[in-house]
Amino acid sequence: MTGKRNPGYDKLSDELLIQKFQKEDIAAFNEIVLRYKDRLINFLFRYTGNLETAEDIAQDTFIKLYKNKHMYIEIAKFSTWFYTVAINETNTYLRKSKKNHTISVDSFDDQDKPVFEFQSNDPTPFDKININDEHFFVQKAINNLDDKHREIIILRDIQNLEYEEISKILDIPLGTVRSRINRARESLHLTLQKIFENKAIKR
Amino acid sequence: MTGKEENNEIRKLLRSLPAVKSGNDFLEKLDRKIATLEPERKSAKHFLKEKPGIFERTFGGIKSAWLAPALGLSAAVLFVFYITFLNEDKIVNEQKITNTKTEEKQEPKNTTGNTSTTEVSPSAVPENSEKKTENVKPHEKDITGNFDYKESEKFPARVEQNNKSLDQDQATTKKPKLNVAIPEGITKDNENKLNEEKSDNKNDEINNQESQMIEESRASSNEKKKMEDKSMKTPSEKMEEFENSIQKSIMDKLNAVNKANLENLRDKVNK
């Protein structure tokens with residue numbers, strides 16, 4: 001795999017690419033990797049809060065695709081199937097590494113201690129990614145959400161997936177998707193409110 | 001702020017988050033991980049090739065090696081079937097031939113003491129037979145039923161040669177006698193001589209009859225043999241039938257010959 005795009009493959013749909021890859025066309029796999037790597041890493045980074053972990057999980061996901069390419073059947077969209085694989089892979093990874101710590105909102109009361117503990121301590125992903133304070137605290141608020149709300153709000157508001165696709169990925173009804181997204185946004189708003197109030201008090 | 005407005009603000013915040021991109025070494029790491037996968041697969045295949053199963057080891061590169069024992073068994077069964085059923089007749093015939101050969105070798109030695117026409121060696125038959133016919137008188141010949149028909153079967157060449165000699169004798173003896181007319185007032189000595197000659201002629205005729213009968217019996221036995229070979233009887237049954245038929249034919253012909261001899265003797269006695 002060279003990382004260079006095969007001419008003509010960029011115009012092909014995801015489904016055609018995976019079909020070609022199922023016929024042992026490595027160039028098609030290369031194209032899928034190039035097309036999905038950034039999207040996947042963005043999703044995984046927002047989900048895990050750690051870039052290295054996100055990259056590891058993304059690589060594991062691509063390897064899983066490489067090994068089990070014949071598992072894909074052209075019933076659903078490739079992106080739907082691929083996100084499902086990625087979420088399952090993330091859950092197993094986090095379960096194995098036992099780093100999937102949920103953060104209590106009460107921890108904001110401790111002024112001297114760091115507000116959030118990320119899964120990877122050094123260096124923080126925010127050091128690598130040049131983001132401002134607002135983005136930093138938004139990410140902290142996302143990480144504070146429980147798994148269900150976190151994954152659904154990332155898929156909808158960061159990955160910009162449709163409700164129907166989200167319902168297929170998470171295998172839940174469409175109504176549940178809508179209500180869960182609303183609840184996730186409300187809880188995120190509350191968390192951010194607390195963070196910014198705390199910050200204002202600090203200042 | 002209402003709930004909808006709050007949601008919209010959150011959505012804007014989330015969408016304003018910068019898109020995180022993969023590191024520069026992401027593809028290299030992925031390549032390395034995939035590269036470690038492929039040798040594992042190859043090595044697994046290599047391992048499988050290096051360690052073949054028991055059948056493959058024993059029967060070499062046969063694809064369906066498990067069929068080899070079954071094929072071997074079936075071949076063995078066919079071989080046994082061929083030996084037992086198809087080759088049975090041949091074996092019996094060979095046994096017959098060997099038996100006859102051994103008998104031929106043994107019996108001439110045992111019967112060398114008996115002086116009969118059949119005991120003469122085949123090479124010496126033509127000369128000796130002529131000499132005998134010349135030297136030995138016809139009444140001295142064994143016409144009382146001591147003729148060994150079994151031996152005559154075993155030595156057909158001799159019998160044929162004897163028959164030839166007999167025919168020659170007949171030719172020499174009969175022709176002049178037929179031409180000679182017996183005159184009236186012949187002397188008793190001449191009558192006795194003529195009677196002796198007649199008896200000799202009769203004996204010759206009997207011998208000819210015997211030889212013909214032997215030949216006929218041989219021909220009939222050969223035909224029967226052929227018929228038996230064609231029929232699908234077991235070898236032991238065939239042998240029994242063959243022996244019985246030969247015995248019957250010989251007995252019939254012996255009886256006929258004996259009758260003819262008896263009649264000749266009666267004629268002699270009457271005369």
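Everything quoted here is computed from the prediction, not taken from an experiment. In what follows, chains are A, B, ... by sequence order, proteins preceding strands, each numbered from 1.
- A donor-acceptor pair is defined here as one N or O able to donate and one able to accept, closer than 3.5 Å; such a pair exists between the side chain of A:Asp38 and the backbone of B:Ser22.
- Neither the backbone nor the side chain of A:Ala54 has a heavy atom closer than 4.5 Å to any heavy atom of chain B.
- Note: B:Arg11 CZ to A:Ile153 CD1 = 10.0 Å, rounded to the nearest 0.5 Å.
- The greatest number of non-hydrogen atom pairs below 4.5 Å with chain B, out of A:Leu192, A:Asn160, A:Leu40, A:Ile181, is found for A:Asn160.
- Between B:Lys29 and A:Asp56, no side-chain nitrogen of the basic residue sits less than 4.0 Å from a carboxylate oxygen of the acidic one, so the salt-bridge criterion is not met.
- Note that CD1 of B:Ile10 is 12.0 Å distant from CG of A:Asn182, once rounded to the nearest 0.5 Å.
- More than 12 non-hydrogen atoms from other residues, nucleotides or ligands lie less than 6.0 angstrom from CD of A:Gln193.
- Expressed to the nearest 0.5 Å, how far CG of B:Leu13 lies from CG of A:Asp157 amounts to 10.5 Å.
- Side chains of A:Ile41 and B:Phe26 form a contact here, defined as non-hydrogen atoms less than 4.5 Å apart.
- Between B:Pro18 and A:His135, the shortest heavy-atom contact is CD-ND1, 3.5 Å.
- Annotation: B:Asn24, atom CG; neighbour count of heavy atoms from other residues, nucleotides and ligands within 6.0 Å does not exceed 12.
- In this structure, chain B has no heavy atom under 4.5 Å from any part of A:Leu44.
- In terms of heavy-atom pairs under 4.5 angstrom with chain B, the leader among A:Leu188, A:Asn42, A:Asp60 is A:Asn42.
- Within a 6.0 Å radius of NZ in A:Lys37, more than 12 heavy atoms belonging to other residues, nucleotides or ligands are found.
- Here the straight-line distance linking atom CG of B:Leu17 with atom CZ of A:Phe45 works out to 9.0 Å at 0.5 Å rounding.
- Taking 4.5 Å as the limit, every side-chain heavy atom of A:Arg156 sits out of range of all side-chain heavy atoms of B:Leu14.
- Proximity of a side-chain donor or acceptor of A:Gln59 to a complementary backbone N or O of B:Lys33 within less than 3.5 Å is not detected.
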